[in-house]
Amino acid sequence: MNLRGPLVEVGEPREVETRYGERSLAEVTLRPERGTADPVTVTLWGKWTHAAEHAEPGMDLLVTDVDESEYKGETTYATGKESFVVVEPDFLVDVTDIRSWVQCSRMYYLNKLSGIPLNYPVVKGTIVHDVFGDLLRGRDLDSSIDERIEERGLELGLLGREVEEVADEVRRNAAAIEGWLSQGVLTDEDEWRSEYTLISPTFGIKGRADALRRGSPVELKTGKNLKRDPRFQDKIQAAAYALILDERGVPVDTGTLLYTKNTTLDRTEESGDLSPAKDFSIGRGLLEFVVRTRNEIAAMEHDVSVPTGYESNSKCQYCFEKDTCMVVSGRLGQESKAGAIGNPVSEDEREYFDRFYRAIEEERRAVHDEYRKLWDQTAEERADDDRAIIGLEPLGREERPDGTWELRAKKTDDAVSKLREGDVALASDGHPVEGHAELARIVELGEEVVVTTDEPVPLRRLDVYPSELTVDRLLTALHDAILKGSPDRKDVLFDRRAPDFSDRSAETTYIDNNEAQDEAVSLAIDADDLALIHGPPGTGKTYTIARTIRALVEDGNRVLLSAFTNRAVDNALEALRDQGFESIVRVGTESGVREDMLDVRLSRSGDPNTLASALHDAPVVAATTATCGSRVMREQSFDVALVDEASQLTEPGTLAAANLADRFVLVGDHKQLPPVVRAENDLQTSLFQRLIESHPDASVMLDRQYRMSQRIQAFASAEFYDGALRPATGEVAAQHLRDLGIGVADLPDETADPVSFVDPDGRRVGNTNPVEADRVAEIVAAYEAAGVDADDIGVIAPFRAQVAEISRRTDVTVDTVDRFQGSSKEVIIVSFVATGDLDGPLFEDHRRINVALTRAKKALCLVGDADALESDPFYDRMLQWARR
DNA sequence: TCTCTGCTCAGAGGA
């Protein structure tokens with residue numbers, strides 16, 4: 001039996017006399033999540049007292065295989081022979097993090113904070129691993145080496161490496177692998193599989209094993225190890241995989257480490273061992289050590305504290321990270337085993353760092369929650385959540401020339417999901433955690449689903465695979481900005497001085513028919529630190545961005561163009577190309593970049609020199625902010641970073657782009673949607689908003705909109721832009737459905753006015769309102785009957801459930817507000833769903849309504865419950881405007 | 001019971 005629940009009391013470990021001699025114990029009290037609500041006390045014996053030393057009340061504790069016994073009429077609980085004690089099991093620790101914590105707790109922290117920069121040993125190690133996987137899948141060595149090196153062309157180029165020298169080195173490593181493999185593989189006794197993704201709900205560990213041989217983990221290390229035994233941290237890494245395999249009912253008693261740099265030349269007195277492979281036994285003790293180490297990490301992360309280095313037996317003497325470690329401690333005023341050097345950053349920077357560090361870690365928890373749903377939710381719940389495609393019928397599998405597999409399956413329903421072609425997903429036999437699952441790349445997602453995997457699996461289910469990548473990149477952006485950022489830049493960010501401007505634009509006119517746009521370009525050109533361009537709906541933001549970039553390049557600047565979404569990056573690029581500017585390099589994944597921009601996309605794969613110079617020499621480089629935090633992009637530097645959709649970015653997200661440049665220009669509208677974050681924290685306010693509020697002088701608002709008729713824009717202008725937003729031309733202001741050939745007489749009375757309100761007298765059911773959905777469909781039909789093209793009509797609803805409800809009744813585009821941001825339609829119908837009152841956070845943020853109301857060009861129809869809308873002053877004003 | 005995009009995934013090493 002397992003016991004699990006939040007700790008209410010944690011006792012001190014103490015020594016007691018037992019009939020087996022002196023033993024240590026600690027008593028902890030937890031409130032079991034299942035069964036009785038009464039707290040129960042569990043005695044932790046021996047080394048499990050370690051958990052009591054690290055855990056605190058409030059943390060979750062899991063004790064597996066509890067010993068239950070009766071003592072004086074009461075049931076008592078204690079750890080038994082088979083027990084494991086897990087602190088905060090929901091916190092998922094990476095196997096590699098356990099490995100680095102074993103090396104040094106401080107190294108774990110440093111790796112997390114600063115990321116691992118682009119360096120040759122790491123890239124080479126990755127290539128050797130890839131080749132290893134290929135060999136296991138029976139691929140020819142030479143072709144594998146050629147292709148795997150080519151795949152890393154960009155990184156190798158940036159590191160100034162030539163293909164031949166890398167190939168030589170990889171070949172030497174591969175020879176060791178091949179020699180060793182041939183001994184086992186040929187006997188037919190070895191059963192191999194490569195790249196195994198493992199997640200453990202019980203132990204809160206996730207990771208990916210290089211390979212399994214007869215069910216035992218094999219880890220490849222391209223470093224040198226001349227000792228007889230494997231390095232301790234390497235053993236721990238393999239043992240962690242063994243622990244997860246054990247949980248899945250596959251007992252593992254050995255592990256193998258393969259040190260590919262060991263050759264016959266390295267024979268020493270001590271080793272006397274020619275083989276690169278070192279087997280070691282994995283006993284209970286090692287597994288317990290893995291869990292205890294993992295517990296230390298989880299406990300520390302629970303209160304977001306910072307390790308000092310004293311947590312582990314590390315010696316700073318030989319550490320490669322010693323200097324970095326001391327600098328970080330010095331700058332952030334942290335206690336550290338290595339000591340500290342350099343000057344601390346200012347008090348407010350320190351406070352900022354801590355605040356955002358916590359906020360980002362909170363987001364990490366949100367990612368962990370997504371993992372938990374993989375095993376907590378049923379398949380049907382996952383599917384309803386759009387996070388899985390279930391009920392797939394396997395159609396076949398085919399081994400590809402490179403030894404990987406292509407799996408096909410048929411969809412049995414037309415359910416939608418978040419999954420898209422090009423995504424990484426978890427392909428499984430129906431059970432993504434306890435069953436057989438493989439990390440897959442989605443190739444095709446139609447009637448038929450096609451994915452590629454390293455090993456075959458019956459494709460019955462496909463799950464979204466959560467990733468901590470974004471969170472990790474926010475952390476490195478924060479690190480780079482505060483610890484490595486120029487003091488001058490930080491003076492502005494921390495409000496110690498106002499942004500400076502020089503008159504570089506002089507009398508130049510950049511845009512001659514729109515004063516605000518022209519002023520915005522000038523401001524960006526003149527900015528010595530930063531410039532802010534505030535672009536309300538339809539004000540020609542993208543055009544202005546393109547003109548600004550051209551002007552910056554003409555002035556001799558190298559420019560980084562960035563935005564949160566791929567869509568925004570590509571839109572801006574499109575505008576730039578429309579203006580005849582083609583000296584662009586787009587960095588991003590093939591599936592992320594829009595098709596018409598693939599011709600300027602920089603491939604990662606190819607000749608190192610060619611790729612590196614293509615990136616280096618480009619006057620304009622475009623990438624999402626997430627990509628700006630990648631190893632490749634962190635090596636780049638720019639004169640100016642221009643960030644679109646900046647009001648939808650968190651501060652660290654914006655900094656990821658700004659960090660790469662001397663100056664930055666942010667474009668956005670803080671009156672529209674804020675950043676999407678799960679937790680309520682500091683990440684909710686964008687840097688754009690903070691700066692525009694503290695430095696209005698550094699901003700220009702584009703005040704003429706080219707989208708909406710006068711009648712439609714009036715409310716948003718008054719409510720959100722102090723009445724400053726106005727139609728760019730008389731034509732824009734006066735546009736009407738009749739321009740599309742639709743007469744008022746063709747429309748029902750209720751929608752005859754360009755802005756109308758309809759109350760269908762429906763009732764909210766959960767997040768839907770079926771009656772309202774019916775009515776919305778009728779209204780759509782009426783517009784269509786009057787002659788409006790279906791492509792010109794859009795429906796917006798606050799909830800996804802209502803979006804689905806309406807979608808079933810019509811063929812026009814129906815979407816949530818969030819997904820509609822950035823686009824527009826001739827006719828927009830908004831479904832409010834709410835009846836009775838406007839309870840719910842969605843209605844509280846009026847910015848969302850601003851977006852919904854400003855998508856329409858010629859006609860806007862609001863559909864909702866008058867009583868509910870009248871109950872709130874803001875919505876009441878909206879109604880008065882609509883009913884005018 | 002709210003909205004939801006990014007990103008190859010995670011791991012690749014140095015003595």
Side-chain angles (χ1 to χ4, degrees), chain A residues 94-97 99-100 103 111 116 118-130 132 152 155 195 197-198 206-210 219-227 231 234 237 261 317-321 366 370 385-387 418 420 422-426 438-442 454 465-474 563-569 588-592 604 623-631 645 648-650 653 656 673-678 766-767 797-803 815-821 833 839-845 847-848 851:
Chain A
D94 283 344
V95 170
T96 46
D97 285 338
R99 178 183 197 269
S100 65
Q103 282 184 85
N111 280 176
I116 295 181
L118 190 63
N119 66 19
Y120 179 59
V122 170
V123 176
K124 188 189 71 195
T126 311
I127 295 171
V128 173
H129 272 77
D130 290 342
F132 175 53
R152 303 280 159 182
E155 285 166 302
E195 304 286 13
T197 301
L198 294 160
K206 65 181 158 81
R208 199 169 67 155
D210 286 341
E219 274 302 304
L220 188 70
K221 297 292 165 193
T222 42
K224 198 171 263 218
N225 177 17
L226 298 179
K227 298 265 170 60
R231 283 190 212 91
D234 296 342
Q237 185 176 2
K261 224 176 180 178
Q317 214 175 337
Y318 309 111
C319 181
F320 294 95
E321 306 288 356
E370 288 298 317
D385 237 9
D386 294 348
R387 284 187 167 71
K418 277 173 66 105
R420 269 175 294 179
D423 281 358
V424 168
L426 205 53
E438 293 284 336
L439 220 48
R441 175 156 293 265
I442 302 175
D454 284 329
Y465 189 78
S467 164
E468 294 184 38
L469 188 127
T470 315
V471 168
D472 287 336
R473 293 204 171 156
L474 292 181
F564 181 50
T565 61
N566 277 309
R567 197 189 58 189
V569 172
T589 58
E590 208 177 338
S591 56
R604 298 160 61 109
T624 58
T625 49
T627 299
C628 285
S630 68
R631 277 212 303 263
E645 285 187 349
Q648 284 187 82
L649 275 165
T650 60
L673 294 177
V676 173
V677 286
R678 274 272 308 257
N767 286 333
F799 307 105
R800 286 166 62 96
Q802 179 75 345
V803 167
D815 236 321
T816 56
V817 179
D818 302 65
R819 293 188 191 205
F820 246 105
Q821 173 142 321
V833 181
D839 271 354
L842 221 50
F843 295 103
E844 277 165 27
D845 195 341
R847 288 176 290 192
R848 187 163 264 106
V851 175

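Lettering follows sequence order; numbering is per chain, from 1.
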- Picking from B/dC4, B/dA12, B/dA10, the nucleotide nearest the side-chain atoms of A/S467 would be B/dA10

- Out of B/dC9, B/dA12, B/dC2, which has the shortest distance to the side chain of A/N767? B/dC2

- Message: Check this one for me: any side-chain N or O of A/T222 less than 4.0 Å away from OP1 or OP2 of B/dG13?
- Response: yes

- Query: B/dC9, B/dA15, B/dG11: which one has an atom nearest the side-chain heavy atoms of A/F320?
  - Reply: B/dA15

- Query: Cut-off 3.5 Å, side chains only: do A/T627 and A/S630 have a donor facing an acceptor?
  - Reply: no

- Message: Measuring only the P atom in each nucleotide, how far is B/dG6 from B/dC2? A whole number of Å is fine.
- Response: 23 Å

- Query: Taking the same atom, P, in B/dT1 and in B/dT5, what whole-Å distance lies between them?
  - Reply: 23 Å

- Message: What I'd like to find out is whether the side chain of A/R848 reaches to under 4.5 Å of the side chain of A/L842, using heavy atoms alone.
- Response: yes

- From the candidates B/dG6, B/dA12, B/dC2, the one with an atom nearest any side-chain atom of A/I116 is B/dA12

- Note on the structure: Each base of DNA chain B marked ( ) or [ ] if paired in-strand (Watson-Crick or G-U under 3.5 Å), | if paired to another strand and . if unpaired gives ...............

- Candidate nucleotides B/dC7, B/dC9, B/dT3, ranked by approach to the side chain of A/L439 - the nearest: B/dC9

- Proximal nucleotide (of B/dC9, B/dC4, B/dG13) relative to the A/P121 side chain: B/dG13

- Message: Could you tell me if the side chain of A/T816 sits less than 4.5 Å from the side chain of A/R819, heavy atoms only?
- Response: yes

- Message: Say we look at B/dC7 and B/dG11: how far apart would their C1' atoms be, to the nearest angstrom?
- Response: 15 Å

- Task: Have a look at A/E321 and say if it touches a base, only the backbone sugar-phosphate, or nothing, with a 4.0 Å heavy-atom cut-off.
- Result: base

- Message: I'd like to check A/T624 versus A/F564 (side-chain heavy atoms, cut-off strictly below 4.5 Å). Are they in contact?
- Response: no

- Message: Quick check for you: among B/dC7, B/dC9, B/dG13, whose closest atom lies nearest to any side-chain atom of A/T624?
- Response: B/dC7

- Select one nucleotide: of B/dG14, B/dT3, B/dA12, the one nearest the side-chain heavy atoms of A/D818. B/dT3

- Any donor-acceptor N or O pair under 3.5 Å, side chains A/T565, A/E645: yes

- Message: Is it the case that B/dG11 (base atoms only) and A/T96 (side chain only) share a donor and an acceptor within less than 3.5 Å, ignoring hydrogens and angles?
- Response: no

- Message: Mind checking if A/R847 touches a base, just sugar-phosphate, or nothing, with heavy atoms under 4.0 Å?
- Response: nothing

- Note on the structure: Regarding the side chain of A/T565, the nearest nucleotide among B/dG6, B/dC2, B/dG11 is B/dG6

- Query: Considering only B/dT3, B/dG13, B/dC9, which nucleotide approaches the side chain of A/L842 most closely?
  - Reply: B/dT3

- Between A/R473 and B/dG6, does any side-chain N or O lie under 4.0 Å from OP1 or OP2? no

- Task: For A/E468, check side chain to side chain donor-acceptor pair (under 3.5 Å) against everything at least two apart and list the hits.
- Result: A/K206, A/R364, A/H368

- So what does A/R152 touch, heavy atoms closer than 4.0 Å: a base, only the sugar-phosphate, or nothing? nothing

- Can you find a side chain N or O atom of A/T627 that sits less than 4.0 Å from OP1 or OP2 on B/dC7? yes

- Task: Whole angstrom is fine here: how far is it from CZ in A/R567 over to C1' in B/dT5?
- Result: 10 Å

- Message: Please classify the nucleic acid contact of A/Q237 as base, sugar-phosphate, or nothing, using heavy-atom distances under 4.0 Å.
- Response: sugar-phosphate

- Query: Under 4.0 Å between a side-chain N or O of A/K221 and OP1 or OP2 of B/dA12?
  - Reply: yes

